[in-house]
> 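Next up is a structure, given as structure tokens.
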Amino acid sequence: MLKELLCLSNYQAGKLALGKRAMDEKYFPEVIEKKWQQRWAEGQAFEAGNDDTRPKFYSLEMLPYPSGFLHMGHVRNYSIGDALAWYKRLQGFNVLHPIGWDSFGQPAEQAAIKRGVNPRAWTEENIAHMRGQLKRLGISYDWSREIAAHRPDYYKWDQWFFLKMFERGLAYKKQSPVNWCPKEGTVLSNEQSSGGICWRCGTAVEKRNVEQWFLRITEYAEQLVGQIEQIESSWPEKVLKRQRDWVGRSEGAYIDFSVKDSDKKIRVFTTRIDTIFGATAVVLAPDHPLIVELMKDSALMNDVQKFAEKVAVARARPADATAEEVKEGLNTGVLAINPFSGENIPVWVANYVLMDYGTGAVMSVPAHDQRDFEFAQKYSLPIRQVIAPASHGQPSAEPVSVTGTDQSAEMHQAFTDYGVLINSGEWGGKLSEVAIREMTLFAEKHKFGGGAVTYRLRDWGVSRQRFWGAPVPIINCDDCGAVAVPYDDLPVMLPENAEFTGTGQSPLAGVPEFVNTTCPKCNGPARRDTDTMDTFVDSSWYFFRYTDPRNADAPFDPAVAAQWTPVDQYVGGDSHAVMHLIYTRFWTKFMRDIGLVSFDEPVKRLLTQGMVTNIVEGTDEWKAMSKSLGNGVDPDEMIRAFGADATRLFILFAAPVENELRWIETGIEGGVRFLRKVYSMVWRWHERLSDLSQRHDEPAPDEIGPAGQALRRKTHQTIARVTSDFEHLHLNTSVSALMELFNELNEFDVTPTNASAADVFVVREALESLTVMLAPFSPHVAEELWEQLGHAGGLIPKVGESARWPKVNQQHARKAELEIPVQVNGKLRSR
RNA sequence: GCGAAAGUGGCGGAAUUGGCAGACGCGCCAGACUUAGGAUCUGGUACCGAAAGGUGUGGGGGUUCGAGUCCCCCCUUUCGCACCA
């Protein structure tokens, strides 16, 4: 499969056959890459200084899980982030480009259960291997800031944050139905079970009633929607849309329906108060707590309870994504009073009303809500039309007169648009928009309702019945309840001697030395909480830790973090659009509220890169590379065969960063070809160019021949193009621009031996520009060429050195003559 | 079903604001050098046509001197959401 282009063997074979000089002229990525990786390490080339006064740039890629092996998705992710880091460095920015490990989580524990290995050892081994891979790729990380979530000096701060939230009532424990993945044997958050399937393994989730810790993300629902405007222009629209949908802000009103012959009230939420005259029932969720009180003495109580149980059982079953549940319900015999019309209407329970949205109760308006319509048809509830279509959407000042009282017989579906109110007493004739406003005020004035906003977002369940995570720092005392572990006692360390049985109980529960402790409040015997935290807690704030990674007294020094954050450019897959990316926004807002940061949004600009796909053997389908499909490509194999530079160049060239990238091995060979050609061109010229003391001043325009002028023009056009492409993250076209510049150089009809001083100047300008602009894509070979061109000390400007990135001279970039196409009747006539 | 985005050669994709469609690369074809080529170099490569010329950016209509780009209708694909009151 893999074509035998192996550089190492070529190099060794070549060394035997050719002399040293002949070898130098050939491009051997293996040799160049080793050389520069070593120099970068020795010179600490990528370490970001906190006391550097140049403008900062924080380039960040999403924290990887240390599965043991880098896959091509990682390579793409880091190649993009690294290109931007290099681009900014070459422009003279002080760049922070860190890496770390999301090293808590299921796979380590699975390995422990299945193969009896120690999760810590397993994780550390994986990290060591992947670190080696990243270094072979030559990604320019500041390794001195590396962090790993599973180390006590990191998870201590997870626990610290948890306690800060606990103190403020933002972390709380409650018994609640949660998403349970039967395959993973653990609870999942709503975000991790979107669509009813486990985000990790794709198994359909069940509902289970478990006592859980929750973080009150709903407290920030309004900000999570409202503050989107701060990042609207620099985050992908699709991510923001998903976040908006996920928070699900909905404006409407609540209304209290009095219960006949009772002092109880049923509160409903509606976005269509204008349809209230058409309400022909009030419908409660089967598990609505009011039911028990309302039906204390009712003969129907038993039936309703049975119905509720049936629904609960159905809901606990793994969701079948395609099947829409059939609407079912039961009349409770209780009557409610419509506060607008005074009418008595029946109270039902039904499976299509959800307890955990709004108030768990709705007013049923069959004529104007499709669900209510279907329900009413099934149970023969009256369907009463109260909204008429407004013609052309024009406000009609005249009340609409309606003849005939029962148009509902003709309705085949609910009319859900806004319109004009009819059959609505004093509100008749008003437009929906107006009626909604006025009726809400009316309800408020008469104290039976008012404006309300509800959210779909639920609190974040962070308890996991797992070992390999940060222990929840809480001690349960029979007398004092849940008590915070004192800050001085952090971290609550994971024990070394847990047993992994895979039973779904936290392995921590089986370690008496861990569990048994004393209550910090009363000193009585007490038990530690045995849940650990969702690993998404670790990744919610990790990039702040990079700014101050060894701080032993705080998660980070706010003053240091303020130098670097917010993140200027974040790069990652869009699979985290409503998981990590919403959690980290929440976390940042919390950190702001406790004075750690001074802004609302952690990430200025987000890029969601596309997947890397490969053809699945035996099919014609392109799918994301994966072990199970057997279509994975090993980055190390690519590095060995083609070099890291060519691999990275190809990945960035092959497709726009946000598109799917189809892996074509011949494409990567094209990358090698290009680098080899550039390399040998620099070699051809380097004797004329490398002596910088012989460098010429800029020649007068008339000293440069027409071919030189053209090359110069191309050089400056390329600088303009590549620079603008970087600003817009169009990395694929900037590579093609570099190739065009090379092609122009290749056609430049001057040889090193016959070149005039002016020619040499033009060639130097072109080659130096090409070399510098190549560095973000293929940094090793760029460094090598820069050295060949006579420069010592490496490409990255030190403090005090001027920026390396070439500057465009618009004068030179301008076309010498303008060709004007002639069109007659839209047809091209001559050129 | 609802919502959003996108349809350009054999393929990945170019085409700042409406102004020479197909840059750049892959693949393919031909030639050169070679014992050899899956190396390298040179040239060609949207379609029809011998040529002149014509036709072309999912389909149909429109605006315009001029449309891949703007407007309307339709088709297809991909991705989200899926009882959220």
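Lettering follows sequence order; numbering is per chain, from 1.
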> I want to verify a distance call: between B:G3, B:C83, B:A85, whose nearest atom is closest to the A:Asp369 side chain?
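The answer is B:A85.
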> Could you tell me whether B:G9 is syn or anti, where syn means a glycosidic angle within 90 degrees of zero?
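With its glycosidic angle within 90° of zero, B:G9 counts as syn.
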> Taking atom types as modelled, is there a side-chain donor on A:Tyr418 or A:Asp274 under 3.5 Å from an acceptor on the other?
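Side chains of A:Tyr418 and A:Asp274: no pair found under 3.5 Å.
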> Assess the side chains of A:Thr454 and A:Tyr254: does a donor N or O sit below 3.5 Å from an acceptor N or O?
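Note: A:Thr454 and A:Tyr254 side chains miss the donor-acceptor criterion.
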> How would you label the contact of A:Arg456 with the nucleic acid (heavy atoms, under 4.0 Å): base, sugar-phosphate, or nothing?
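Counting heavy atoms under 4.0 Å across all strands, the contact made by A:Arg456 includes a base.
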> Reading nucleotides 12-18 of chain B 5' to 3', which nucleotides get B (base under 4.0 Å from a protein heavy atom), which S (sugar-phosphate only), which -?
BSSS---
> Using a strict threshold of under 4.0 Å (side-chain N to carboxylate O), is an ion pair present between A:Glu658 and A:Lys238?
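Result for this pair is no, no salt bridge flagged.
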> Is the shortest distance from a Lys or Arg side-chain nitrogen in A:Arg272 or A:Asp369 to a carboxylate oxygen in the other one below 4.0 Å?
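Not counted as a salt bridge, because no side-chain N and carboxylate O are separated by less than 4.0 Å.
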> Which residue, A:Leu354 or A:Lys238, contacts RNA chain B at a nucleotide closer to its 5' end, judged by nearest heavy atom?
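Looking at RNA chain B, the more 5' nearest nucleotide goes with A:Lys238.
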> RNA chain B: A:Asn743 or A:Ala361, which has the more 5' nearest nucleotide?
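The answer here is A:Asn743.
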> Does any N or O in the side chain of A:Glu374 come within less than 3.5 Å of the main-chain N or O of A:Gln413, such that one atom is a donor and the other an acceptor?
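The answer is no, because no donor-acceptor pair under 3.5 Å joins these two groups.
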> Dot-bracket notation for RNA chain B is requested: 5' to 3', Watson-Crick or G-U wobble pairs only, both distances under 3.5 Å, with ( ), [ ], | and . as defined.
(((((((..(((......[....)))((((((.......))))))(((....)))..(((((..]....))))))))))))....
> Using the C1' atom as the point on both nucleotides, what is the distance between B:U69 and B:U8, in whole Å?
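Comparing C1' positions in B:U8 and B:U69 gives a spacing of 12 Å.
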> Using the C1' atom as the point on both nucleotides, what is the distance between B:G49 and B:G43, in whole Å?
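It comes out at 23 Å once rounded to the nearest Å.
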> When the P atoms of B:U45 and B:G37 are compared, how many Å lie between them, rounded to an integer?
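So the two P atoms sit 25 Å from each other.
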> Is A:Asn746 atom CG crowded by more than 12 heavy atoms from other residues, nucleotides or ligands, each under 6.0 Å away?
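Yes, the 6.0 Å shell around CG holds more than 12 heavy atoms from other groups.
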> Is any NZ, NE, NH1 or NH2 atom of the basic residue among A:Arg456 and A:Glu191 found under 4.0 Å from an Asp or Glu carboxylate oxygen of the other?
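No, no charged N to carboxylate O under 4.0 Å.
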> Please classify the nucleic acid contact of A:Gly670 as base, sugar-phosphate, or nothing, using heavy-atom distances under 4.0 Å.
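Sugar-phosphate: the residue A:Gly670, judged by heavy atoms under 4.0 Å, touches backbone atoms but no base.
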> Which residue in the set A:Ile615, A:Ile668, A:Thr613 passes side chain to side chain contact (heavy atoms under 4.5 Å, CB included) when paired with A:Trp663?
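Only one of A:Ile615, A:Ile668, A:Thr613 forms a side chain to side chain contact (heavy atoms under 4.5 Å, CB included) with A:Trp663, namely A:Ile668.
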